[in-house]
Amino acid sequence: MIPLILFCLTAGLVSAVLVMLDVISESREPYEAILTLEVGLLYLVNVIIAGLITYVLYLTGRVQLGFLAWSGVVLGYPLLMHTKLFTIKGETAEQNVSVGLEVVYQQVSKLLLPGIDKSIEERGSRLLARFRALPIARIVSKAKDYITPKAIENKQAIMNWLDEMQNDAAQNPEHEDDNKRAIFAKIQEIGGYRGVRYILRG
């Protein structure tokens with residue numbers, strides 16, 4: 001019984017990861033989406049569903065305990081979640097309705113994505129508050145360190161712009177906060193919140 005439980009549980013844990021990668025890829029900040037409560041709940045639900053499907057397949061004799069069968073379940077579950085029996089045509093392509101497990105997947109994604117985006121926005125607000133508390137000289141120095149190895153267009157122009165932001169803040173202290181916000185936005189554009197976290201570290 002224990003090997004069967006481990007078989008079903010591990011198949012659920014791994015196959016659910018593949019489904020989650022598909023979900024978070026739709027987010028504008030995938031790395032931040034992984035850490036949200038909504039993604040955690042969706043992952044747990046998929047683990048349970050995948051584990052139960054694996055158990056049913058075993059009971060009906062369609063899979064045996066073994067690596068090949070385990071691999072088949074792991075790779076097959078994400079495909080199963082995208083299956084559709086047929087499509088009810090709407091007036092436009094956007095109004096088409098899929099009938100099958102895919103429609104469940106789509107509806108769950110639609111329900112959770114706004115919550116994921118909201119959680120990411122809240123994280124972004126906290127990161128911005130920490131970012132604004134740093135001295136601008138440190139922000140510019142770390143930003144240059146972050147940008148230097150990146151293969152981006154107009155790298156030197158961005159470096160010069162960072163110097164201009166720092167010099168402007170030194171000459172016009174009332175501009176400092178706005179300049180920090182502008183640098184935050186630029187780093188987010190280049191590397192997302194991962195780039196911002198780099199500047200906040202150490």
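Along the sequence shown, residues are numbered consecutively beginning with 1.
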Are Leu59 and Ile48 in one and the same hydrophobic cluster, where Ile, Leu, Val, Met, Phe, Trp and Tyr link if side-chain heavy atoms are under 4.5 Å apart?
no

ILVMFWY cluster, Leu75 and Phe67 together (side-chain gap under 4.5 Å):
yes

Distance-only, no hydrogens or angles: does the Tyr55 side chain make a donor-acceptor pair with backbone N or O of Ile5 under 3.5 Å?
no

Nearest heavy-atom pair of Leu65 and Pro3: which atoms, and what distance?
CD1-CB, 4.1 Å

The test is side-chain contact (heavy atoms from CB on, under 4.5 Å); show your working for Leu134 and Lys180 and say whether it passes.
CA-CA 9 Å; Leu134 295 177; Lys180 288 179 180 179; 5.6 Å; no

Given the rule that I, L, V, M, F, W and Y join up when any side-chain heavy atoms are under 4.5 Å apart, are Ile152 and Ile199 in one cluster?
yes

Nearest heavy atoms of Asp163 and Val140, plus distance in Å
OD1-CG1, 4.3 Å

Distance in Å, Ile183 CD1 paired with Met165 CE, rounded so as to fall on 0.5 Å steps:
7.0 Å

Asn167 and Gln171: side chain donor to acceptor below 3.5 Å
no

Decide yes or no for Val14 and Trp70: does some side-chain heavy atom of the first lie under 4.5 Å from some side-chain heavy atom of the second?
yes

Could you give all pairs that pass the ring pair (Phe, Tyr, Trp, His ring centres under 6.0 Å) test and reach residues 155-188, with sequence neighbours left out?
Phe131-Phe184

Does some side-chain heavy atom of Val45 sit less than 4.5 Å from a side-chain heavy atom of Leu41?
no

Should we count CZ of Arg194 as having more than 12 external heavy atoms under 6.0 Å?
no

For Thr148, is there any backbone N or O sitting under 3.5 Å from a side-chain donor or acceptor partner on Lys155?
yes

Which heavy atom of Leu13 sits nearest a heavy atom of Tyr43, and at what distance?
O-OH, 2.8 Å

Using side-chain heavy atoms (C-beta onward) and a distance below 4.5 Å, is Glu176 in contact with Asp168?
no

Could you walk me through whether Lys118 and Glu121 satisfy the salt bridge (Lys or Arg N to Asp or Glu O under 4.0 Å) test, starting with their C-alpha distance in whole Å, then the side-chain angles of each, then the deciding distance to 0.1 Å, before giving a yes or no?
CA-CA 5 Å; Lys118 184 177 180 182; Glu121 286 177 8; over 6 Å; no

Heavy-atom donor-acceptor pair, Asn46 side chain to Leu42 backbone, under 3.5 Å:
yes

Which heavy atom of Pro173 sits nearest to which heavy atom of Ala170, and what is that distance?
CD-O, 4.3 Å

Heavy-atom distance under 4.5 Å between the side chains of Ile158 and Ile190, does that happen here?
yes

As an exercise, state the distance from CD of Glu174 to CG of Asn179, rounded to the nearest 0.5 Å.
9.5 Å

Please tell me whether Tyr146 and Lys142 have a donor and an acceptor in their side chains that are separated by less than 3.5 angstrom.
no

For Thr10 and Leu6, the nearest pair of non-hydrogen atoms, with its separation, is OG1-O, 2.6 Å

So Glu164 and Asn160, side chain to side chain donor-acceptor pair (under 3.5 Å) or not? Walk me through it.
CA-CA 6 Å; Glu164 290 171 7; Asn160 294 339; over 6 Å; no

Please report the interatomic distance CG(Leu162) to CD1(Ile147), rounded to the nearest 0.5 Å.
5.0 Å

Provide the closest heavy-atom pair for Val73 versus Ser15 in the form atom of the first, atom of the second, distance.
O-CB, 4.3 Å

How long is the straight-line distance from CG of Leu57 back to CG of Leu52, given to the nearest 0.5 Å?
11.0 Å

Can you measure from CD1 (Ile49) to OG1 (Thr54) and round to the nearest 0.5 angstrom?
11.5 Å

Separation between CZ (Arg130) and OG (Ser125), nearest 0.5 Å, reads 13.0 Å

